[in-house]
Amino acid sequence: MNAAQTAPGDQPAAQSNPNLLNAEPSKHRELLQAVNESALAVRNGWVTFVAMMAFFFVAVAGVTHKDLLLDSPVPLPIVQVKIELTRFFQFAPLILVLTHFSVLLQYAMMARKTRALHAILLAEEKNLGLVGTHPLRLELSSYFFVQAMAGPTRSILLGGFLRSMSWLTLGLFPLALLLYFQTTYLPFHDPIVTWAHRAYLVADFFILLSIGIFTRYPERGFWFGLLSNIRYHFFNVLLTLGVWLAAIFFSFGVATLPDGLLDKAMKQAGTMRVPQGLSDQRWRDHGERSAFWLTAILFEGRVDKIKGKVTSWFSRNLVVTDQDLVKDKDFALESGEVSLHLRGRDLRHASFDRSDLHGADLTGANLQNASLVSANLVRIKLESASMQGAVLRKSRLQWADMRQAALQNAILDEAQLQNADLRRARMQNASLAKAQMQGTNLRRAIMRKAKLQEAQLQGADLRNTQLQMAILSQAQLQGADLRRVRMQGAILSKAQMQGAVFNDAQMQGAYLLDAQLQGAFLLRAQLQGAVLRNAQLQGAVLFQTQLQGAILRNTQLQGAKMTGANLQGAVLNKAVIWQTQPPDSKAPRLIDTGDILFKPYTQNIEAKNRLNAALNKIPYSQRQSMARDRLAPILNYDRTQSWLGTPDHLVWQKWQSETRLNSGAKFRAALSDELAQMACDDMTPDAWLAEAIVDRASMRFNGNTARLFERMIGADCGALHKLAQSLLDRLKSKADRYKKLFPAWNAE
């Protein structure tokens, strides 16, 4: 069949109006003129529509991720007019759809005239047996749509080109442009505009479907036209329908917003793990998240650190790396003004590595799993921001306002947080290893299980902070204020805490092995079951400190003041006593002081220099002066010799001798009963004291392990259900060994 021939279903005009077959030649020419005039108007509309698509394509192509972040106006080409970014992406596709609708309507009206002319000419050509050769066909407009519908006979290839022009410019290109609008704006994370883009796509699909049917069958109803299209043009219908349904699936099911309803629904069809960190290796190791497998392939590629772009075809998250986003480098630092207004923005999974955002206002912004590695965030405002899982490794956050920010599982290793405000911040399980936090305000922050190894916290304010089970090994806490801090089960081994204030702190079961606490204040601190082995407590103030069941083996207590301290069940084996003020004149019933050592503070010059260097790190002169005053008596070797024979010295000697006399089986049994009672009465949420006591008994223990185990597994032990089974199994193994070594253990 040539280009002028059509299927039976394509000849409704001639069949429905037989008078057209008998029309005079003058009427033919009038109809031809009407067709040509209509084609001229439609062609002008088509050219305008194609120009509009090119115009929009250039405008959208010029929008970068930096523009999306800063919400920069869109400069329209040629006209040189700037339009607010959100308004452009919201209404430009609507203008495109309406213009498309108008052009298609013109096509439908022109198609009716063209088909009528084609039917007349075809009837005459059949009488002569020369289909597609009527002379009037040569006078038709050269517009491709008219030529494809009623032009003279031509090759199949050229006819295919003419028909494909309509399909491409009126079907495929508008579809591609609508999807281009959506994918370009998707990293902005605006659900309203994204849903508008999907609505425009669906509306345009139904407009093209309905008007396309009427273009081919203008005289018949919709359903007749649809069935006739399927019957006579099945491949074309299948191709068009397949392309548009694929586009709608892509728009709704693939180009989704992270963690949105559609994103979660599509995960049910199959997921693929995507890295949580796009540019930081440690972040990739930290954790992963999942996405619909096609979304993961097309939208969730890693960021190329050199190019600063994702490796996938598209991106649904902002990538603005190595960018100077603040034009004036100094005004925000000096005046405190806001450099960038980004309040409340949805910036989940965004990447701002090494970019300059100093002085920006991101109050209430959503930065979950965002990457800000080595970013300049000095004086940034992040109050109430959601930053769970965010990576701020090596970022500069001096003087940042991060009050009430959500930083659970965030990584701030080696970040510079000097003088930052983190009051009431939620930082559970956050990592701040080697972070610079001198003078940082962490009052009432929640930092359970936070990792603060080697963090610099000199002079930091940690009053009422929750640091349960946090890791602060080798942290620098000189002069820090930790009043009423909750550090149950925390690890502070080798931490430098000279001159720190722990008044009323809750530190049950804390691990302070080799901790440096010279000149520290621990008034009324709760240190039951704590491990203070090898700790340096010279000159520390331990008034009314609760040390029941604590381990102070090899602890340095020269010059410490322990008036009113409770040492019931504590272990002071080889603890060093000199100028140490005892709790009271009466020896506790259960305290192991049999091997305490009496010797003054070392005269080693290097050791004194190290202590002096640590004291110099106390940032506040008043606190540093107080710590030096408390340590002064023990540093004067000649003066310390006068302590021998004083009432305090005699009290410690008395305790030592009484412990040696009472260290037999009865002492072990009484100590075990006392510790078991302390453990079972533990009312702390995670039974830190009970766990510390069981852990102590599972290792080196000077009590009756079997007796302790029997008391712990009794029905009246309230803390039993809080203890890990592995810990109880370890205690049971130690108890069984004890029974073998001491068959008469029950007699104790």
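- Ionic pairing of R354 and D322 is present here: one or more N-O contacts between side-chain nitrogen and carboxylate oxygen are shorter than 4.0 angstrom.
- Under the 3.5 Å distance criterion, with hydrogens and angles disregarded, a donor-acceptor pair is assigned to the side chains of D413 and S431.
- In this structure, T271 contributes its side chain and K267 its backbone to no donor-acceptor pair below 3.5 Å.
- To the nearest 0.5 Å, atoms CD (Q436) and CG (L412) are separated by 12.5 Å.
- Checked by atom type and distance alone, the side chain of T295 pairs as donor or acceptor with a backbone atom of V254 at under 3.5 Å.
- Between the H358 side chain and the A375 main chain, no donor and acceptor come within less than 3.5 Å of each other.
- Here D401 contributes atom CG and K381 contributes atom NZ; the two are 6.0 Å apart, rounded to the nearest 0.5 Å.
- The line from CE of M53 to CZ of F56 is 11.0 Å long, rounded to the nearest 0.5 Å.
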Which atom pairs, donor and acceptor, lie under 3.5 Å between side-chain atoms of residues 89-103 and protein residues at least two apart or in another chain?
from, atom 1, to, atom 2, distance (Å)
T99, OG1, I95, O, 2.8
H100, ND1, D204, OD1, 2.7
H100, ND1, D204, OD2, 3.2
H100, NE2, L170, O, 2.7

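- Between K434 and E414 there is no salt bridge, since no side-chain N of the basic residue sits under 4.0 Å from a carboxylate O of the acidic one.
- In the model, H349 has no side-chain atom that pairs as donor or acceptor with a side-chain atom of N317 under 3.5 Å.
- A distance of 7.5 Å separates CG of D324 from NZ of K66, quoted to the nearest 0.5 Å.
- Using cut-offs of 30° and 60° on the angle between ring planes, the pair F249 and F292 is perpendicular.
- Environment of CZ in R198: crowded, with over 12 heavy atoms of neighbouring residues, nucleotides or ligands closer than 6.0 Å.
- Of the listed residues (F55, Y185, F88), just one forms a side chain to side chain contact (heavy atoms under 4.5 Å, CB included) with V60, and that residue is F88.
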